[in-house]
Structures are given as structure tokens and as C-alpha cells.
There are 2 protein chains.
Amino acid sequence: MRGNLFAVAVDLVILTVRRDQLNVLLVRRGERPYESHWALPGGFVRADEDLGDTAARELAAQTGAATQGAVQGHLEQLSGYAAPDRDPRGRVLSMGYLALLPDVPDPEPTGGPSAAFLPVEDVYGLAFDHDTILADGVERARAKLEYTTLAAAFCPPEFTVTDLRRVYEAVWRTEIDPRNFQRKVTSTPGFLIPTATRVTGGRGRPPQLFRRGPATALHPPMLREPVSVAHA
Amino acid sequence: MRGNLFAVAVDLVILTVRRDQLNVLLVRRGERPYESHWALPGGFVRADEDLGDTAARELAAQTGAATQGAVQGHLEQLSGYAAPDRDPRGRVLSMGYLALLPDVPDPEPTGGPSAAFLPVEDVYGLAFDHDTILADGVERARAKLEYTTLAAAFCPPEFTVTDLRRVYEAVWRTEIDPRNFQRKVTSTPGFLIPTATRVTGGRGRPPQLFRRGPATALHPPMLREPVSVAHA
DNA sequence: ACCCGATAGCATCACACCGACGAGAAGGCG
DNA sequence: CGCCTTCTCGTCGGTGTGATGCTATCGGGT
């Protein structure tokens, strides 16, 4: 069997919506290279693991096993990164993974390296090629909100239409008309399941609470921009 | 640096449309394991290569450097596959790549292992986990025809609207109304650029010849099925 | 008690797009 | 010439969406 040997790592783009902003979980590196730089959380694939196993293990380690039930969240593979010089220690291939989580109370794992959710707009200068991986992950998340029901992965088990709309607005950095948005999501079969309860205590008319429905796709999709594609 | 070491390979899903059928390029293995089984073409990543370099090199090797100009074709990364037992020789991670080509004259490379385009419908029992990689590649291609102009990658430099429609019909295994299809593709700015020439010699009214335009996205997308998404 | 602002949710209208379909344009062939 | 085939343009109705108005129902201030 020819070919060089690689160390294989998994790097996670863990996104959540916090205070109406898209945030990514970063860790501060405690060792060289890139010591004290921010980086995506990740780790090497163990002997008995497939890539998804490693990603799930790292996700649980970073966010606490509680949120890892994955009923609510979402985890999917992004791309592979293997430029010859991407890691000065040697040949390392990294598989990017994208995780979407509800806004968890706070992500500081005990004892580990310092970790924090930071708004993606403020992030740059990450270790290795993590800026690229992060950009790919954010773009994937933005694209998937268009044609899937994945936005609900950012929400707690029960949520309102307004909660869901704020997810879209935060991820896309746009404003969406509340009335048209409500028509769209409530008229898509299987997207939202109404619960018996309503929310009280806020201002205004109490909203209906929903749970995620079984639908995964949005047909037709919700388009970010009525963008004119190209010039003839 | 912890972690096991992997051999890293690239496996190609090379698709083309031939005789109104979606075909994939396969090679017959000449060595163990899976000797004499069909497999996706591929190879190991060399010391100075990034993943895309390896994919481009293998694509050129399989199809001849002629078609490899890639102006016409298309090459993109699929997923990574690294199940611990996917290769009996040891730990191997394979990056899938998807290539779309016009129907080349014939792909038999000199001296190499026997290679052939086979209709994807007839393919099963490939070596390793290549059935999975192939399925992922075909599904990616089908999905991308919906919201990109990538179908033109299956066509020669100049082609008619009917050629393009047959690509969609072959990849999706559906029938499309020629009149509505023509309206859709010709009214999308930047998708098709008319040339001065027309085709003569066939039956019926001579069609207009087009080249690919600069557009890459289709807004709104062309939907495969008015599928009812889910049950409430 | 009353009004007011705020949010939720429903209704309406115009427009764009699409599927179904008709019909004309422009070639080959007997 | 008639007839077939295929390309191309048009029409009609249904659906989905953006823009917008209106109503429902709460908290809070006076």
C-alpha cells in the first residue's frame, strides 16, 4: 500500500444563536503550534472510531453530555482539509463537522482549555486553516436553512414562531416579515407541531408554542435573496 | 501528536450521460483485496499534494489529459469515509470526489486496468464501500441540478436546449415538458449564451446552439418533484 | 376602568413562476 | 405538395410570495 501516512483529526464548527447573533464555540490553544490562539474544538480519530464517532465524542466533551442527546441538535460532515503545510507538525488531514445547538446555558467544560461562544462576525485569525473551515460551516448552515427545517435545531424543544424567525434573521443577517414568515412555516406540513400551551408574561398577545415536526425538507425553499443571478 | 495514522486515498465518482443514461466510470481491480471486482477509480494522496490535486491527477489519468482542461467538466469534493474496517489492509481514509464530464469518445486508458462507463442503474457490488460513495455522488449530482447550472458540465462546448433537457431527464430519470423546460433555461439570465450557428441535418426545425453562460446558480431552483414533504 | 403600545395571527392583493396545453416556425421526406 | 418531426413562442389557471392592512390579546401606565 503506497502513499504517505496522515494523522486524521476532526474539527467542529459548533454554532448556536445567542442574543440574536450567530455564535461559534472556540477554544484557546494551550500548546504549540498556535499557542494561545483561538481554534475550533477538535481531536484525533481513535483506532476504533469512525469520523462521526469522533465528532460526536468531541461535541459531547465540549458541550456536556446533556446536550449531546442530539434529539434536538444536529451534526453533519463538512469537507476534508489536507493541504500539505496546514499543520507544521506534519501531515494532518482534518474533517470538518458542523453542529447546530440550542443556546445552552454556558459551555465552560470543567478543567479543559478555556472555551467560549463568540459571534462569528468577530472571529478571525484562528489557528491552522480554521478560518476556512469556519467559513465553510457558516455558509453550509446558511444554505441549509433555505431548503430544510434545520433552523429548529437552534431552538429549545418548545419554541414560538418568533423564536424561529429570530434564528433565521441571526443566521442570515437579514430581516424577515413576521407575517409572511408565519404563513410560510405554519403552512408547511410537518414543520411545526402546535402544543396545547401558550406563553404568558411577555408583552403582547401570547404566542403559540410549537415542537419540531417530522418534516426535514422545505418545498419550495425559503430564499434568502430575490437575487438576480447573473448578467447576460 | 496522538492518534493513529491513516493512509489517505481519493476515490472518484466520474459521471457522464451516454445514450440518455447516467453512467459512471469504473475500473476492474487487478489486485487483492476485491480482486476482479469493479471499483471507483482512485489513488493515494502523494506527499506534496492536496486532496484536490490528487483528484485532478486521477481524473486526468482516467480520462486522458485532453478532457482534463476542466473548463467544460466539473470536480468537487464529496464526503470522507473512514470506517475502521472499510479496508482489510489497514486504516484508510478515502475522500470521495464527484466529477461531471461530457460524453467522451471512450475512456480506455492505454495499459492501465480495464475501465468502462456503466449505467449507474446496473451497478452494485463494488469493492470496499464504493457502493455508498457512488450513491452519495449520484445523489449530490441530482440535487445540484436543481439549484445550479451544472447540467451544462455534462454537455459539449456547444449544445442545444434539447441536449440539456436530456441530461436532466437522464440524471433524474424523469420526463420534462420540452416547452416549459425551454422557457425556464432560456429565461434564466446567464445560463445559456446563444451562438450564431444552428444545427442542420436532423429531423425537425433546426435548433439553436448555446454555450454555457457565467451563471452558476438557478433562482428559483428547478424542482424534481412537487413532493409532499411530510404528513402532519 | 380605560387607553395604549406591543406582539401574534389572519386576510387581502398583485405579481412571479410553473404545469398543462395550443399553435406557429422551419426543416426533412415521400 | 402534403405530412411528419422538432423547435420555439403564447396562453391560461393554480400556487407561492412580498407588501400591507386588520384584528386579537396581552402588560402596563394613568
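Proteins come first, then strands; the chains are lettered A, B, ... in the order of their sequence lines, and each starts at number 1.
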Open item on the list: Using a heavy-atom cut-off of 4.0 Å across all strands, would you classify A/T162 as base, sugar-phosphate, or nothing?
Closed with: sugar-phosphate

Task: Spacing between B/F181 atom CZ and D/dC9 atom C1', to the nearest angstrom - done: 17 Å

TODO: Compare all side-chain heavy atoms of A/Q208 with those of A/T195 and state whether any distance is below 4.5 angstrom.
DONE: yes

Open item on the list: Need to verify one output field. Residue with the more 5' nearest nucleotide on DNA chain C, A/R183 or A/R203?
Closed with: A/R203

Task: Gap between atoms CZ and P, on A/F191 and D/dG16 respectively (whole Å) - done: 16 Å

Open item on the list: On a heavy-atom basis, which atom in A/A39 and which in A/A127 lie closest, and how many Å separate them?
Closed with: CB-CB, 3.9 Å

Open item on the list: So, OP1 or OP2 of C/dC18: does either fall under 4.0 Å of a side-chain N or O from B/K184?
Closed with: yes

TODO: May I have the distance from A/D177 (atom CG) to C/dA8 (atom C1'), rounded to whole angstrom?
DONE: 13 Å

- [ ] Let me know the distance between CZ of A/R165 and C1' of D/dG18, rounded to the nearest Å.
- [x] 15 Å

- [ ] Can you figure out which of D/dC7, C/dG9, C/dA20 approaches the side chain of B/N180 most closely?
- [x] C/dA20

TODO: Rounded to the nearest angstrom, tell me the gap between atom CG in A/L223 and atom C1' in D/dG18.
DONE: 12 Å

Task: Residue whose nearest DNA chain D nucleotide is more 5′ - B/R166 or A/M222 - done: B/R166

- [ ] Using modelled atom types only, decide if a donor and an acceptor are shared between the side chain of A/D129 and the backbone of A/T132 within a distance under 3.5 Å.
- [x] no

- [ ] Let me know the distance between CD of A/Q208 and P of D/dC26, rounded to the nearest Å.
- [x] 13 Å

Open item on the list: Tell me whether A/T16 contacts the main-chain N or O of A/N23 through its side chain, where contact means a donor paired with an acceptor under 3.5 Å.
Closed with: no

Open item on the list: Can you tell me which nucleotide in C/dG9, C/dG22, C/dG24 comes closest to the side chain of B/R179?
Closed with: C/dG22

Task: Between D/dG16 (C1') and A/I176 (CD1): distance, integer Å - done: 16 Å

TODO: Hey, can you tell me if B/W172 and B/Y168 have their rings parallel, tilted or perpendicular (30° and 60° cut-offs)?
DONE: perpendicular

Task: Positive for side chain to side chain contact (heavy atoms under 4.5 Å, CB included) with B/W38, one of B/V123, B/V24, B/L26 - done: B/L26

TODO: When you get a sec, tell me which of C/dC18, C/dC21, D/dT25 is the closest nucleotide to the side chain of B/P220?
DONE: C/dC18

TODO: Round to the nearest Å and state the distance from B/L218 atom CG to C/dC17 atom P.
DONE: 13 Å

Open item on the list: What's B/T186 touching, base or sugar-phosphate or nothing? Going by heavy atoms closer than 4.0 Å.
Closed with: nothing

Open item on the list: Of the listed nucleotides (C/dG22, C/dC10, D/dT25), which one gets closest to any side-chain atom of A/Q182?
Closed with: C/dC10

Task: Axis deviation across the helix from C/dA1-D/dT30 to C/dG30-D/dC1, five-pair ends, to the nearest 10° - done: 10°

- [ ] Kindly indicate, with the supporting measurements, whether the criterion side chain to side chain donor-acceptor pair (under 3.5 Å) is fulfilled by A/D136 and A/Y81.
- [x] CA-CA 11 Å; A/D136 289 353; A/Y81 305 85; 2.5 Å; yes

